[in-house]
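Some notes on the structure that comes next.
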Amino acid sequence: MSLEQVTEPVKAGRPKAAEAEARLNDLLDTAARLILEKGYGKVSLEAIAKEARVAVRTIYVKFGGKAGLLKAILLRYRAGAFDPAGMETLHRPIRDTLREFGLRFHRLVSTPEATALYQIVVAEAHANPDLAEAFWDAGPRQTRELLARYFARPDIAAQLDTNSPPERLAIYLMNCLMGDQLRRFLFESRCGVATTPEEIEQGIDLFLHGVVKR
């Protein structure tokens with residue numbers, strides 16, 4: 001990754017790759033913190049750039065604007081939670097694979113940051129369509145496509161007893177896993193975590209009971 005991709009040139013020359021990566025992560029960390037503190041619509045690129053000590057032009061060149069910056073933040077969060085290769089290539093029992101996916105998903109969406117961000121998206125999506133689009137593209141859409149590819153695998157499809165397409169199965173599974181998350185998103189300070197790891201496993205068993213051949 002070149003310096004031009006991360007920050008403005010400095011007189012000492014181009015930094016090493018590790019330094020450039022650190023600056024990129026610092027920018028994403030700063031942007032995430034400010035968005036969570038102030039809200040997507042109330043924090044400007046100028047404020048993010050100033051606190052991260054980069055030029056506004058750098059953000060536009062690298063991310064295309066604030067929506068692209070948010071998308072990069074979400075993709076980084078997601079990359080730390082999921083292992084796409086495991087679902088696309090490994091041959092394991094369906095329940096084991098979906099259980100691992102479900103628990104990873106649970107850890108991802110149960111963090112205070114995830115709850116706060118979801119609340120921001122719900123509150124500001126109408127006024128900021130680019131926010132809703134960035135959130136959908138980097139979050140739910142990526143997850144649904146990952147699951148659809150898994151259910152479309154010939155070895156997995158052969159074990160299923162359903163006419164539903166892979167895309168629909170992905171939606172069904174996510175509905176089983178989400179549980180009472182809506183209550184948590186609405187009343188997070190009063191109800192605690194709505195979905196537990198045990199409930200995740202129950203949701204997986206409910207889904208499999210409806211689609212796996214007997």
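At distances below 3.5 Å, at least one donor-acceptor pair connects side-chain atoms of R153 with backbone N or O atoms of M87. In this structure a side-chain-to-backbone donor-acceptor pair under 3.5 Å is present from K66 to V43. The backbone N or O of V54 sits nowhere less than 3.5 Å from a side-chain atom of T58 that would complete a donor-acceptor pair. Under the 3.5 Å distance criterion, the side-chain polar atoms of N25 are matched with a main-chain donor or acceptor of E21. Judged purely by atom type and a 3.5 angstrom limit, E88 has no side-chain atom pairing as donor or acceptor with the backbone of R149. The backbone N or O of D161 sits nowhere less than 3.5 Å from a side-chain atom of R214 that would complete a donor-acceptor pair. A donor-acceptor pair under 3.5 Å is absent between the side-chain atoms of R53 and the main chain of L27, judged by distance alone. K71 contributes no side-chain N or O that, together with a main-chain N or O of E133, makes up a donor-acceptor pair within less than 3.5 Å.
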**Request:** Decide yes or no on side chain to side chain contact (heavy atoms under 4.5 Å, CB included) for F105 and M178, but give the supporting numbers first.
**Result:** CA-CA 9 Å; F105 174 78; M178 287 297 290; 3.4 Å; yes
**Message:** salt bridge (Lys or Arg N to Asp or Glu O under 4.0 Å), that's the test. Do D137 and R141 meet it? Break it down for me.
**Reply:** CA-CA 5 Å; D137 284 346; R141 183 177 65 81; 3.2 Å; yes
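Listed here is the closest heavy atom pair of G102 and I204: CA-CD1, 4.5 Å. Summarising the geometry of P166 relative to A148, their closest heavy-atom pair is CB-O, 3.3 Å, with the distance given to 0.1 Å. The two atoms that bring G41 and N128 nearest to each other are CA-ND2, 4.1 Å, heavy atoms only. Across all their heavy atoms, V56 and L45 have their closest contact at CG2-O, 4.2 Å. In this structure, A134 and A67 approach most closely via the heavy-atom pair CB-O, 3.5 Å. A47 and L34 make their closest contact through O-CD1, 4.0 Å (heavy atoms, listed as atom of the first residue, atom of the second, distance).
Within the model, atoms CD of E201 and CG of L177 stand 11.0 Å from one another, a figure rounded to the nearest 0.5 Å.
Ring centroid separation for the pair F151 and F207 comes in under the 6.0 Å cut-off.
Under the 4.5 Å side-chain heavy-atom criterion for Ile, Leu, Val, Met, Phe, Trp and Tyr, L206 and F101 are members of distinct hydrophobic clusters. Linking Ile, Leu, Val, Met, Phe, Trp and Tyr residues whenever their side-chain heavy atoms come within less than 4.5 Å places I59 and L36 in a single cluster. Hydrophobic clustering (side-chain heavy atoms under 4.5 Å, transitive across Ile, Leu, Val, Met, Phe, Trp, Tyr) groups I73 together with L108. Put simply, I200 and V212 are part of the same group of oily side chains (I, L, V, M, F, W, Y) that touch within less than 4.5 Å, one to the next.
Under a 4.0 Å N-O distance rule, the pair E37/R33 qualifies as a salt bridge. Ionic pairing of R99 and D205 is not present here: no N-O contact between side-chain nitrogen and carboxylate oxygen is shorter than 4.0 angstrom.
Residues E100 and R92 have side chains in contact (heavy-atom distance under 4.5 Å, counting atoms from C-beta outward). No side-chain heavy atom of M174 sits under 4.5 Å from any side-chain heavy atom of L169. Two residues are said to be in side-chain contact when any heavy atoms from C-beta on lie closer than 4.5 Å; L74 and L117 meet this criterion. A heavy-atom distance below 4.5 Å is not found between the side chains of L173 and V211. Residues K213 and L160 fail the side-chain proximity criterion, which asks for heavy atoms closer than 4.5 Å.
The environment of R168 atom CZ is sparse: at most 12 non-hydrogen atoms of other residues, nucleotides or ligands sit within 6.0 angstrom.
Under the side chain to side chain contact (heavy atoms under 4.5 Å, CB included) criterion, P140 pairs with F135, W136, not counting sequence neighbours. Remark: Y40 pairs with no residue by the ring-ring contact (aromatic ring centres under 6.0 Å, His included) rule, at least two apart or across chains.
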